[in-house]
There are 4 protein chains.
Amino acid sequence: MDFNEKQIQILKVAEKLFAEIGFDGTSVRHIAKEADVNVAMISYYFGSKEKLLEALLLYRVADFKMELETVMVQNLPHVEKLDALVSLMVNRIHRNRRTHKIINYEYTNTCRQIDFDAYVEQKRDSLGIIEAFVKDGQNKGVFKTDVHTKLLGATVIGTYFQVYNNKPFYKKLLELDSDEAFENYMLTSLTQHIQQTIKSLLLNEK
Amino acid sequence: MDFNEKQIQILKVAEKLFAEIGFDGTSVRHIAKEADVNVAMISYYFGSKEKLLEALLLYRVADFKMELETVMVQNLPHVEKLDALVSLMVNRIHRNRRTHKIINYEYTNTCRQIDFDAYVEQKRDSLGIIEAFVKDGQNKGVFKTDVHTKLLGATVIGTYFQVYNNKPFYKKLLELDSDEAFENYMLTSLTQHIQQTIKSLLLNEK
Amino acid sequence: MDFNEKQIQILKVAEKLFAEIGFDGTSVRHIAKEADVNVAMISYYFGSKEKLLEALLLYRVADFKMELETVMVQNLPHVEKLDALVSLMVNRIHRNRRTHKIINYEYTNTCRQIDFDAYVEQKRDSLGIIEAFVKDGQNKGVFKTDVHTKLLGATVIGTYFQVYNNKPFYKKLLELDSDEAFENYMLTSLTQHIQQTIKSLLLNEK
Amino acid sequence: MDFNEKQIQILKVAEKLFAEIGFDGTSVRHIAKEADVNVAMISYYFGSKEKLLEALLLYRVADFKMELETVMVQNLPHVEKLDALVSLMVNRIHRNRRTHKIINYEYTNTCRQIDFDAYVEQKRDSLGIIEAFVKDGQNKGVFKTDVHTKLLGATVIGTYFQVYNNKPFYKKLLELDSDEAFENYMLTSLTQHIQQTIKSLLLNEK
DNA sequence: CATGAATGAGCATTCATTCAT
DNA sequence: GATGAATGAATGCTCATTCAT
């Protein structure tokens, strides 16, 4: 988790290429060329292409938990905290969308010898925090109880990725002319939609 | 769209392997071996590995629209029809989950020379039908109007895939011991969750 | 040597493609497609790709000798007969230039299992006839004696092919705008050049 | 044009095999085996099989012009210079006969994506020098004027290759028992024949 | 007699990785 | 510590040919 400048350079290029053309589709030569380093560098620094992906996971996934906790400790009404939580999740996923896209595809690939423990742990912790928060809200009568609490995260992240993974389709459907407009939509309207979705599920009508 | 027995055999094996170990990760030799056909067969039948994927898209994606319409024409109250619609979508996606997983990953890969027109068209049509149904419900005062109608599909399918793509994680989280239990959960509890999610978003309180 | 219509069709296409893109470079599929016959047809009719080439040799090379003899029996002065002979050789080679180009390349290929006997026999006979004619002229004092008689044929045919094999180069060098202009040049100016060359070698000054 | 030892080793083996069994007929595996290098080496060093051929052209064809000029600047009578010129051409062609044989076959193959510019330029320059020399001799009244000057080179090289390309035939015809005898004949009697041919064409009788 | 389907062998190339320097 | 050179293995694909019909 202590990467030098060149290693970070490689990690960033790898993240981009893995997300764009897939892990298998990306050759270490391509990464090396784009990162302007020697081909042997990657094996030398990370051990192997698979270990490079593992390093990327550690690099990107590591500090997710803490951010969540900073929201949780804030003294806010449940509803507002819920919005903040969803917003944070979307923002965080959006920032690391490339790495998460790779994970979404590679995690179930049993042939691969990649250690996803860091990812799983982070996911477990995050969902745990959310679950606790929802439970608390339910206990306080703010949130409904007849919901699949464990699936809330899936709806948040799933909605995001369904749009992100079909970017060309949604750009056309939503009449977003540029990548910037799409990006902006993800962080505003889409986020609102997800917040609204989660609130609809959890909140009792006044 | 007129595939003989051996072609279908190849398509099914390809679908499985593409979904499990990725398009790039799957070699035609692997497909050939698993499908118990000669390697040259694949080029002979489909032209190339990429064309094989295109054939798979046509094979799997083709008849989606009609199913939706059979639900739409039924004379049901809006709420029940909404549930039926979501159920159909999840069922359909579940049946072709492997192909859709490949699409989710490959669709944005611009390096690939694959014709996704059939997929895009199907997606557009499906979302169009749903949108029209929602509009109708809104006009009749059954559905809320302050929703991102165009994003409803993303929430349905996205939630499904977020769970499916993290199967080992959710199996553990949801304490599902076997693949059958997981499969069953997807078609019952998860479907319910998605139905509930969409209904929460759309329905005015009674 | 008794080829039916379809076989001749195949032979002609094969001759064209072999000359244009080489024997190895031409696939039987390509020939079959161009000749509008089934792929299996070629093996079926000729036995193999190599046997197809052999058949082509027989088809094209077979009747060369007789034409030479029709010139030889004419009652002409030696000089005129020499011109007629060269002209006939060039014309004949030109007509079958494609097959002869293949031979020029493949004859020394020892890996190939092709029977060039017909070609060799024809070549031997032709050169024999020419040699006899030159000998006769020498005996009669019309032709010089200090010439390498056995090499005369090589100069005739070699000059032709050196131009033919470098067609794009010579088209530019000789400012021949079209294939027709080049073709015409081969049968007029180039033929004259070769006639002049041979006459210079053989004839005593008047 | 700066090849290391191993690259030259590959080039020489490739030249031999290309000439013997053709460009298409020669596999990179065959070259690699014969040159005792790894198969990947060829792509690694030259990029591709076609680029290997291009490298061969550059390697062999590069310094032709200069040699011609060294003859031209010599202070010799036109007749002797003519002999020296032909002798040099034959020698040079003989030394690079393998590469030139490949060129003779591949140059007109339009399917191939090979850059023959170096060859064409060299050929143009060589013929240019010869043409200038002949013009000079014509101006000085030493050479005849009614000759196709631009075709002289074709006769020189064409005659050589017609014999070389039919080596087995001419070995038998000329009763040359060994390869050495054939080789020797090419550089003595055949060269004389070509010199005599060109002189007959150009020189006025005394 | 003719052919579509099928195949094993071979193709050029690219791969991630290693290793001597 | 860093790297250019090198490699065995694997890639997708095309080949000439065979064979059941």
Side-chain angles (χ1 to χ4, degrees), chain A residues 4 6-7 10 14 23-33 36-53 113, chain B residues 4-7 10 14 23-33 36-53 113, chain C residues 4 6-7 14 23-33 36-53 113, chain D residues 4-7 10 14 23-33 36-53:
Chain A
N4 65 38
K6 241 173 193 173
Q7 285 174 311
I10 293 170
F23 179 77
D24 281 310
T26 305
S27 71
V28 290
R29 265 172 187 72
H30 195 167
I31 298 170
K33 201 176 178 183
D36 200 32
V37 299
N38 187 281
V39 217
M41 200 95 249
I42 287 162
S43 289
Y44 178 66
Y45 270 145
F46 299 98
S48 71
K49 195 184 167 188
E50 302 208 334
K51 293 253 181 67
L52 168 62
L53 178 51
Q113 290 295 34
Chain B
N4 65 38
E5 209 174 314
K6 240 173 195 173
Q7 285 175 310
I10 293 170
F23 179 77
D24 281 311
T26 305
S27 71
V28 289
R29 268 171 186 77
H30 195 165
I31 298 170
K33 202 175 177 184
D36 200 31
V37 299
N38 188 282
V39 218
M41 204 84 264
I42 287 162
S43 288
Y44 177 68
Y45 271 145
F46 299 98
S48 70
K49 195 184 166 188
E50 301 210 335
K51 292 252 184 66
L52 169 61
L53 177 50
Q113 289 293 41
Chain C
N4 66 38
K6 243 174 192 173
Q7 285 174 311
F23 179 77
D24 282 310
T26 305
S27 71
V28 291
R29 265 174 187 73
H30 195 167
I31 297 170
K33 201 176 179 185
D36 200 31
V37 299
N38 187 281
V39 217
M41 200 93 251
I42 286 161
S43 288
Y44 178 67
Y45 270 145
F46 299 97
S48 71
K49 194 183 166 189
E50 302 210 335
K51 293 254 183 65
L52 168 61
L53 178 51
Q113 290 295 37
Chain D
N4 65 39
E5 211 174 312
K6 239 172 194 172
Q7 285 175 310
I10 293 170
F23 179 78
D24 282 310
T26 306
S27 71
V28 291
R29 268 172 187 74
H30 195 167
I31 298 170
K33 202 175 177 185
D36 198 32
V37 299
N38 188 284
V39 220
M41 203 85 265
I42 286 162
S43 288
Y44 177 67
Y45 272 145
F46 299 98
S48 70
K49 195 184 166 188
E50 301 210 335
K51 292 251 183 68
L52 168 61
L53 178 50

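By convention in this document, chain letters (A, B, ...) are assigned in the order of the sequence lines, proteins followed by strands, and residues within each chain are numbered from 1. Side chains included, hydrogens not; waters and symmetry mates left out as well; all remaining heavy atoms used.
- Interatomic distance, CD1 of I31(B) versus CG of L52(B), reported as 5.5 Å (0.5 Å rounding).
- Here dG1(F) presents its P atom at 10 Å from CE of M41(A), a figure rounded to the nearest Å.
- Under the side-chain contact (heavy atoms from CB on, under 4.5 Å) criterion, A40(A) pairs with N38(A), not counting sequence neighbours.
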Under the 3.5 Å Watson-Crick or G-U criterion, the dot-bracket string of DNA chain F, with | for inter-strand pairs: .||||||||||||||||||||

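- In this structure, F46(A) and M41(A) have side chains that are not in contact, with every pair of non-hydrogen atoms separated by 4.5 Å or more.
- Taking atom CD on E5(B) and atom P on dA6(E), their separation rounds to 11 Å, with Å as the unit.
- Nucleotide dA16(F) holds its C1' atom 16 Å from the CD atom of Q113(C), rounded to whole Å.
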Per-nucleotide protein contact string for nucleotides 12-21 of chain E, where B marks a base within reach and S marks sugar-phosphate only (heavy atoms under 4.0 Å, - for neither): BBBSBBB---

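- In this structure, the side-chain contact (heavy atoms from CB on, under 4.5 Å) partners of K6(D), at least two apart in sequence or on a different chain, are N4(D), Q9(D), V37(D), Y45(D).
- The side-chain contact (heavy atoms from CB on, under 4.5 Å) test applied to V28(C) returns V39(C), I42(C), K49(C), not counting sequence neighbours.
- Note: CD (Q7(C)) to P (dC1(E)) measures 12 Å, nearest angstrom.
- Atom NZ in K33(A) sits roughly 18 Å away from atom C1' in dT3(F) (whole-Å rounding).
- Among the atoms of the strands shown, none is found under 4.0 Å from any heavy atom of F46(C).
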